Engineer: 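Here it is, the structure, as structure tokens.
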Amino acid sequence: MKAAGLALVVLTAVNTLGAGGACPPAPQLGDPLRGLSREDLERFAQGKEVFERAFTPETGLGPLFNADACGECHEDPVVGGTGDEVEDHAALVGVDGLCDQLVELGGPVFQQHATPLLEAAVGIDREPLPPGATVATRTTPDIFGFGLLDAVPDRAILALADPADRDHDGVSGRPNYFVDGRLGRFGRKAFVPALSEFNRGAFVAEMGITNPGQPTEESIGGKPIPPGVDPVAEPELGAEDTDRADDFVRFLAPPARLPLDREGELGRITFGAIGCASCHVPSLTTGGNRVPALSYKTVEAYTDLLLHDMGAERGDICLGEAEPGEFRTEPLMGLRFMTVLLHDGKAKTIEEAILLHGGEAAGAVARFKRLAAAKRAALLEFLKSL
Amino acid sequence: MKPLGVHLRHHPAVRAWMGLLPLVAALLVALAAFALTLRALARSVPEAHGAEAPGASQGPARMERLVATVKAVDLSAGTLDLVTGVGLSLRIHRVHLPAPLRVKGAAPESSSAALTRGCIVRVECHETTVGTYASTVELLRAAPRGVKP
């Protein structure tokens, strides 16, 4: 009897401990992924320092730049979040119908600030936009959980593509490709294949910080940098710091969803029923990864990482094979933290953002408009939980 | 008295295991082939990821392999302008074509015609103080259909 009592106590203790181990508290916004090794957690912390580091002309900033730190734009409500900065991208559809990213004129990212040395040398305070180019405004997305999106296998994305709309649902996601032919997934036009490459490119295109991944500076509207304007030797950021910044971004945990009440659950069902989930696919699964925290994980990102036609009214520039009206399905994880919505920041509320969808989303928007008030409120309630 | 080895060979359990030897050998061969395939795949990864891998162009021989989109072709000048880059930080890379030009992956009689704006090529080249010179050009993908303006 005594032994049975003791066994019960031991079992209860084991169960309690086990339950504690199986359900650790969800990461807070800006926290690293659960399950990282001590070494990876250290890399995350070191990378956060690089991400927040404010560069100056003396440490490599510029000559052209949009911001002096990654964290200057990705700051709200915590580091890695959104920001109120809006930048200019430009491109042009050529006479042959192919996209011209205006690389020889400094494109596709046109920086809005110049260092004092550049300003003194050539008399400009920003990179000039090429006359006749199509200009797009781009808001700052949050980047929580992007390491998981990076770890989704190409084949999982391609399996969702339906470029000829063979299932006749009016939705025809198609992939975009980088300049070397690899499948793209990052950026508003799904142009960039890998998160580390997006980061390395952004150091240069956004801050003028050269690094081992991109060791040459942006041109000044296609012209070479005048002598003496960029005194810091390339690369301005070393391999170690570049890798740590990657680690920080890669290991940022996705925002935990808020629990759904009955109304929210009705909204989740309605989201699928009216067709939003055709593009905003609720979850993706990562493939095998050397980092166990990124390996075979399900991420509730609400995206298919494919291009969809958003309609002519939302359209702006081409990029790679993306047409002006095509955009990558924006991940909805972290939606409740966004202060402006859509790639161009035209919407201030979730409802406004839905109503501004066109093109392939026209059917879903029409169904949204026909929803009874209670169901429409439920859908918005669900979206505010993401 | 028979040696121990002979006794063991006649033991039923040992005989059963010896019967499995061909199967074990076949499995080992299959595993070795699998390992070699994985190794070959691992070696092909940098190529699949293009020429922009960090350090790829920093060898002492200054040899490069570029996988990029053709921006412009000037056959009279014998040059190819390629769009390379990392993320949204793109660059134009001018490459001098070999003479005579033969494009792998294209019909021999239409080698030069295969190089059009928008196609993707793999170029083996070496950098010199006066420019980048290609030794081979391979067509990987024809230009996509034009985008709708």
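This structure is a prediction, so every number in the text was calculated from the model and none was measured. Letters A, B, ... mirror the listed sequences (proteins, then strands); counts begin at 1.
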Engineer: What do you reckon, is CD of A:Glu313 surrounded by more than 12 foreign heavy atoms closer than 6.0 Å?
Structural biologist: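 For A:Glu313, atom CD is not crowded (no more than 12 foreign heavy atoms under 6.0 Å).
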Engineer: When heavy-atom pairs shorter than 4.5 Å are enumerated against chain A, which of B:Ala143, B:Gly118, B:Pro144 gives the highest number?
Structural biologist: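 Counting heavy-atom pairs under 4.5 Å, the top option is B:Pro144.
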Engineer: Grab the two heavy atoms, one from A:Pro108 and one from B:Leu90, that are nearest each other, plus how far apart they are.
Structural biologist: CD-CD1, 4.0 Å
Engineer: Determine whether B:Val86 and A:Asn211 satisfy the following criterion, side-chain contact (heavy atoms from CB on, under 4.5 Å), listing intermediate values before the conclusion.
Structural biologist: CA-CA 11 Å; B:Val86 175; A:Asn211 58 79; over 6 Å; no
Engineer: Can you pull the salt bridge (Lys or Arg N to Asp or Glu O under 4.0 Å) pairs that have at least one residue in residues 79-105 of chain B, sequence neighbours excluded?
Structural biologist: A:Glu218-B:Arg91, B:Asp81-B:Arg94
Engineer: Answer yes when B:Lys71 and A:Asp100 have at least one side-chain N-carboxylate O distance shorter than 4.0 Å, and no when they do not.
Structural biologist: yes
Engineer: Heavy-atom cut-off 4.5 Å, strictly under: side chain, backbone, both or neither for A:Thr216 against chain B?
Structural biologist: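 Its backbone and side chain both get close to chain B.
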Engineer: At a 4.5 Å cut-off on heavy atoms, which part of A:Tyr177 comes close to chain B: side chain, backbone, both, or neither?
Structural biologist: side chain
Engineer: Kindly indicate whether the side chain of B:Ser89, heavy atoms from C-beta on, has any atom under 4.5 Å from the side chain of A:Val109.
Structural biologist: no
Engineer: Between B:Arg141 and chain A, which part of the residue has a heavy atom less than 4.5 Å away: side chain, backbone, both or neither?
Structural biologist: side chain
Engineer: Could you tell me which non-hydrogen atom of A:Leu319 sits nearest to which non-hydrogen atom of B:Leu88, and how far apart they are?
Structural biologist: CD2-CD2, 3.9 Å
Engineer: Going by heavy atoms in the side chains, are A:Asp180 and B:Leu66 under 4.5 Å from each other?
Structural biologist: no
Engineer: Under the side chain to side chain contact (heavy atoms under 4.5 Å, CB included) test, which residues partner B:Ala77, sequence neighbours left out?
Structural biologist: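 Checked B:Ala77 against side chain to side chain contact (heavy atoms under 4.5 Å, CB included); matches are B:Asp74, B:Thr79.
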